[in-house]
Number of protein chains: 2
Amino acid sequence: MTKPTQAASREKLTDRIYQQIKQDIFDFRLLPGDRFSENEVAARLAVSRTPVREALTQLQREGYVTVLFRSGWQVNPLDFEQFDQLYDVRLVLELAAVKKLCEMESVPELTALKSFWLAKPDERAQDEQRVCQADEEFHQIMVAATGNREMARIHQDITERLRILRRIDFTQPRRLDITYEEHAQILRALLGKRVDRASTLLKAHIEASKAEVRKITIHRLHTARTRSRV
Amino acid sequence: MTKPTQAASREKLTDRIYQQIKQDIFDFRLLPGDRFSENEVAARLAVSRTPVREALTQLQREGYVTVLFRSGWQVNPLDFEQFDQLYDVRLVLELAAVKKLCEMESVPELTALKSFWLAKPDERAQDEQRVCQADEEFHQIMVAATGNREMARIHQDITERLRILRRIDFTQPRRLDITYEEHAQILRALLGKRVDRASTLLKAHIEASKAEVRKITIHRLHTARTRSRV
DNA sequence: TCCTCCAAACTTGTATACAAGACAGTATAC
DNA sequence: GTATACTGTCTTGTATACAAGTTTGGAGGA
């Protein structure tokens, strides 16, 4: 019988670089279509090519970048058809979550959302970035609360993939109130176990995002491109 | 303006090794819980550690193996709770696919399935492995036929993750006829655009797999363990 | 027999070396 | 001016080297 081993998992350089590059993409420091080499990234971060390669390989698998055989890497261009499809999958998962949540007896995770989303209008957070993050968390928590960790993981991956769009979506102050209102309605429906109403609201909520995202993105992307390069 | 470049993507050693190791896991040459080192794999396949590492990193992200810090790799033990959750996600995706397919006008992909699954009993394939593969393809095609490539990709990943179970499931000859019958019923319902019936059948079909898998697996795994090591 | 300590052998994580091929820019032919 | 061939630089894919830490097995003592 072998000893019960437990080699601690350490912080790896690869993971840090992975996060860094992904963040660079989200923040438009790396723009869709941009090309770059492993050496460039390695030099900028003062590490060797090895962990950079591992990070890039992961990002490729997740659909963020593509390697061109012996010819560098490229940030994947924005593919709106793909984003539409991802929104659809996300909706499917969340509708399933809604159904399950309404069948469950008590869901403390949902109750915990009340203080933020059911706050009075004058007590609402006005910081765009904060609301954007809370928005992601709302959906994330909804799925995770069902107890299906695999579904939550897949949902998380999709959310991250869509983040680059959702960020832009929320830079319009007008959207902020609407976001609050829609989430509040959904949350009330969930707490009241009204599955049909919650589903309808959720569907409309996501469809609205889908519709709005495309036109705004194109404009924002243009302004970002003229501002910064990496 | 830069030239429209296209560096062809070549067959990479990493990919071959990735497939090889995954197959080793599916075929129980690498057993759940087994530990091994990068050097072992590299020596066995007569390559260096580099591509082996890349392959293993991918497999880790997909949930097949885990690295133990400076202490080797381990094939993830079978986690039945996880498999249950994956089955649930797969069901959610396929139910969404069923709904969409029944709303679509014509679906040639489904018609193409008739020759195999609606064959007369005496014309049916009896080869377990072939039926097993056709079973995977049935579900895969169903989802892909909706046109949502992202959903199809996610569904594919889940199917692969569950393959190790489904293989075992089909080693029981009794299951073969049932499989034929259930798929035939689902296909007929789909072709007849009877969404509720198709959904009900599909749900029962997947629930049955879930229920059956656990007890069979444990027995088979035991016999496999006593037969071979890698 | 059982425990402790220690050193040698492994193991991964990261850096570096090298090879085959892609690309860009230039010189040359016309 | 235009097209073409070529050469030097750059890029990834793979192999190897080294560093830091873990595991294992045995010597020694009680």
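Not measured: the values here are computed from a predicted model. Convention: sequence-line order gives letters A, B, ...; per-chain numbering from 1.
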Quick check for you: among dA15(C), dG21(C), dT22(D), whose closest atom lies nearest to any side-chain atom of Arg70(A)?
dG21(C)

Glu40(A) CD to dT11(D) P: how many Å, rounded?
6 Å

Quick one: which of dC18(D), dT12(D), dT16(C) gets closest to the side chain of Arg49(B)?
dC18(D)

Nearest-Å distance, CZ (Phe69(B)) to C1' (dA19(D))?
11 Å

Write down the distance between CG (Leu13(A)) and P (dT16(C)), rounded to a whole number of angstrom.
12 Å

So, is Trp73(B) close to the dT12(C) phosphate, meaning a side-chain N or O under 4.0 Å from OP1 or OP2?
yes

Quick one: do the Glu54(A) and Gln58(A) side chains pair a donor with an acceptor below 3.5 Å?
no

Check every strand shown and say whether Thr50(A) touches a base, only sugar-phosphate, or nothing at a heavy-atom separation below 4.0 Å.
base

Is any side-chain N or O of Arg53(A) closer than 4.0 Å to OP1 or OP2 of dG13(D)?
yes

Before accepting this row, confirm whether a basic side-chain N of the pair Arg163(B)/Glu160(B) lies closer than 4.0 Å to the acidic partner's carboxylate O.
yes

Between dC10(D) atom P and Glu38(A) atom CD, what is the distance in whole Å?
16 Å

In sequence, state the C-alpha distance, the side-chain angles, and the governing distance for Gln82(B) and Leu86(B), and then conclude on side-chain contact (heavy atoms from CB on, under 4.5 Å).
CA-CA 6 Å; Gln82(B) 185 187 36; Leu86(B) 285 169; 4.3 Å; yes

Can you measure Asn39(B) atom CG to dA17(D) atom P for me and round it to whole angstrom units?
13 Å

Check the distance between dT12(C)'s C1' and Asp15(A)'s CG and give it to me in whole angstrom.
14 Å

Rounded to whole angstroms, how far apart are CD on Gln74(A) and C1' on dC10(D)?
17 Å

Side-chain donor-acceptor pair present, Gln19(B), Asp15(B), cut-off under 3.5 Å
no

Looking only at side-chain N and O atoms, does Ser71(B) come under 4.0 Å of OP1 or OP2 in dT23(D)?
yes

For Gly63(B) and Asn76(B), work out which heavy atoms get closest and say how close.
O-ND2, 2.8 Å

In whole angstroms, the gap separating P of dT14(C) from CG of Leu45(A) amounts to 13 Å

